[in-house]
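Here's the structure we're looking at; comments come further down.
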Amino acid sequence: MITSRVRKSLIWGVILVLLVLLCSLLTYRISYRSGVESLRENGHRQLELHARGVESEIERYIWLPRVLGLHQPTLQLLKDDQPSQRRTDDRFAHLRREVNEYLEGMTSRSGTLALYVLDVSGQVLAASNWRRIDSYVGEDLSTRPYFVEAMNGGQGQFYGLDSLSGEPGYYLSSPLRVGDRIIGVAVVKVRLAQMEQGWRKANSNVVVSDENDVIILATNPAWHLRAMRAISAERRQQLALSLQYHWELLPELSLSERSELAPGLEQWGVGDEKNPLRIHRYLVQSRTLNDTRWTLTLLSPLGEVRAAALTHALLAAALAAFVTLLIIAMNERRKAVATKLAAREALEAANSELERRITERTADLKSSNDRLRAEIQEREQAEQSLRRTQNELIQAGKLAVIGQMSTGIAHELNQPLAALRTLSGNTIKFLQRGQQDIAAANLTTIGELVERMGKITASLRSFARRSEHAGGRARLVAAVDAALFLLHPRLSREPASVEQHIDDVELAIDQTRLEQILVNLLANALDALQGCNGGRIVLAGHCQDGCYRLTVSDNGSGLPEHVLKHLFEPFFTTKPAERGLGLGLTLSASLASAAGGALTAAPSTLGGAEFILTLPLCPEEDATHV
Ligand code: ADP
């Protein structure tokens, strides 16, 4: 992941660098080309200007040799020029002196170097410098090209070094004629070096080369008499013999590079004089000077154009880099905004999805809540009906017990009733006899019997009373007494002893319900003891973990395996139909569990059955209020 990002960045970096380089290269080329073009145009104007300058300078002097054709003494001198009579003839000498003086005067007035006249054999007849020791007079200059050219009827122009002094000069010659016949040649030697100063002042690099491509005028004096092109050895020999350039070696101009861009347009590379490693490049324009075989060359330095192009290229590179970076930054920003928007959209989508789910879940919860509520209602209703049924069952159980006890109770009531009948009859008789003491004693006994009967019926009423609530308080001792009282008829009939080892505790159960449980357990024990001598019923109890554990044991028939298995099932009984319904233990166990307790059974150590009733004790503080 990271490497791919780095690679991507690297590729972008390389593309950026290439783009910047390409941009700067293009700018450099365009700028360089336009710079060269404007340099060329400017150079062309300068070239024209300098060429005209040289041409007009030459034209300034070209008339001088021609003017001599109008000077009669000169013409006369040439006409009289017979080599045999030259030195002897006084008239000739006089004429020559006159011409010499004329030429001398003309030279000083025109500012030229020398003015002289040659005869047709090329010998100097008269010269402006006739007074000087190195005068031209008498010199044979027949080999000089300007002489040859003039003799051929043309205008001679020639650069050369003085054959005597080695001084550079520009020779302009013209034939002197009488009619159509050439009788001699007039030559003016001028100096054009002053032009070089003008070029230097104008800061122009100008070179004038002659027909041999030898530099005769140059802004840079070091370039004087250098060959602009290679000269063959043969030609060099010819030039050496002609003494045109005296004994100069004419070294070739050393150019590090030279390329032709267009006709008359070249590019030169010239090594620096001080630092050969440094190369100055020039745009070189040339033009032939009118009426001459000379060429004027202008060198325009390309350094500035190159520097300007370089500056433009750098600026373009900076601009390209800036624009590219700007585009990248804008792109990055666009990407970041897009990512942010996408994230926001995703968040909004997730939010709406969450809301949708919450709504769905809420609806689900609401429906399941409604369902639960309906179920609770149903359960409550079922519980209520169960409780009702349970109460009905309890009631039925009680009535069943009462039914079972009815024979005993009837017997219990019949006994005092019979006693009452007998006592009341006796009492009447005793009263009639006047035995009031005995009658009073009988009446007391009658009262006791009635009270006893009232007790029996009261306890029966209380036992039969409906108790709707599972909660309440019950005194254990009182409940045991009530149960025993209810069972008294059977206890008095059946020879079974009841032992009690219980505490006077208060239990968290309705009093009647506790009595009902105890009546059931004691009645079952009496049933199990039926027909056996020395029957024992033991009631024992103790407190344990906030509850009271009461055991009702007997030494009766006991609980066989098949009985123990179904003991608490409704309608399970081993007794005949008129004696048992099989509801006693079921009801007792349900009453105990409704009060938060339990009823279990186990074989007793006495030999019979043992029933363990566990019921919660009432809190201590509440017990004090009872
Ligand atoms: P019922 O007394 O009407 O039969 P119960 O639910 O009270 O109904 O008793 C169910 C059965 O449990 C009795 O039929 C009897 O077989 C057995 N049983 C109850 N108590 C004892 C006991 N103390 N000793 C032996 N068997 C007992």
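Just so you know, ligand 1 is whichever comes first in the structure, and atom 1 is the first atom listed for that ligand. Along the sequence shown, residues are numbered consecutively beginning with 1. Worth saying up front: this structure is predicted, and the values here are computed from it rather than measured.
An N or O contact shorter than 3.5 Å links G582 to ligand 1 by distance.
Between the side chains of D272 and H280, at least one donor N or O sits under 3.5 Å from an acceptor N or O. No hydrogens or angles considered: a donor-acceptor pair under 3.5 Å links the side chains of N524 and K575. For the residue pair E569 / H566, a side-chain donor-acceptor distance below 3.5 Å is found, with atom types taken as modelled.
Remark: ligand 1 atoms within the under-4.0 Å shell around heavy atoms of L559 are 26 (N), 27 (C). Distances below 4.0 Å separate heavy atoms of F572 from the following atoms of ligand 1: 10 (C). Proximity to S557 (heavy-atom distance under 4.0 Å) selects the following atoms of ligand 1: 25 (C). Heavy-atom contacts of L567 reach the following atoms of ligand 1: 12 (O) (cutoff under 4.0 Å). Within ligand 1, the atoms closer than 4.0 Å to a non-hydrogen atom of A609 are 22 (C), 23 (N), 24 (N), numbered from 1 in the order shown. Of all the atoms in ligand 1, the ones that sit under 4.0 Å from a non-hydrogen atom of A525 are 23 (N). Within ligand 1, counting atoms from 1 as listed, the ones closer than 4.0 Å to a heavy atom of T573 are 1 (P), 4 (O), 14 (O). When each atom of ligand 1 is checked for a heavy atom of A528 under 4.0 Å away, the hits are 22 (C), 23 (N), 24 (N), 25 (C).
Contacts between L521 and ligand 1, counted as non-hydrogen atom pairs separated by less than 4.0 Å, are absent for every part of the residue. Residue-level proximity to ligand 1 for T586 is absent, since no heavy atom of it falls below 4.0 angstrom.
Between the side chain of Q285 and the backbone N or O of R40 there is at least one donor-acceptor pair closer than 3.5 Å.
Of all the listed residues (K575, E610, H566), K575 holds the heavy atom that lies closest to atom 1 (P) of ligand 1. Of the listed options L587, V563, N524, N524 places a heavy atom closest to atom 19 (C) of ligand 1.
Between L585 and the options N520, T573, L521, a side-chain contact (heavy atoms from CB on, under 4.5 Å) holds for only L521.
L617 approaches C547 most closely through the heavy-atom pair CD1-O, 3.7 Å.
Within the structure, the closest approach of D554 to ligand 1 falls below 4.0 Å when heavy atoms are considered.
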Side chain to side chain contact (heavy atoms under 4.5 Å, CB included) between R361 and I358: does it pass, once the steps are laid out? CA-CA 5 Å; R361 186 59 62 84; I358 287 171; 5.6 Å; no
Assess the residue pair E360 and R356 against the criterion (salt bridge (Lys or Arg N to Asp or Glu O under 4.0 Å)); give the C-alpha distance rounded to whole Å, side-chain angles, the decisive distance to 0.1 Å, and a yes or no. CA-CA 6 Å; E360 271 180 18; R356 190 184 62 76; 2.4 Å; yes
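Evaluation of the ring-ring contact (aromatic ring centres under 6.0 Å, His included) test over residues 18-38, restricted to residues two or more places apart or in two chains, returns Y28-Y32.
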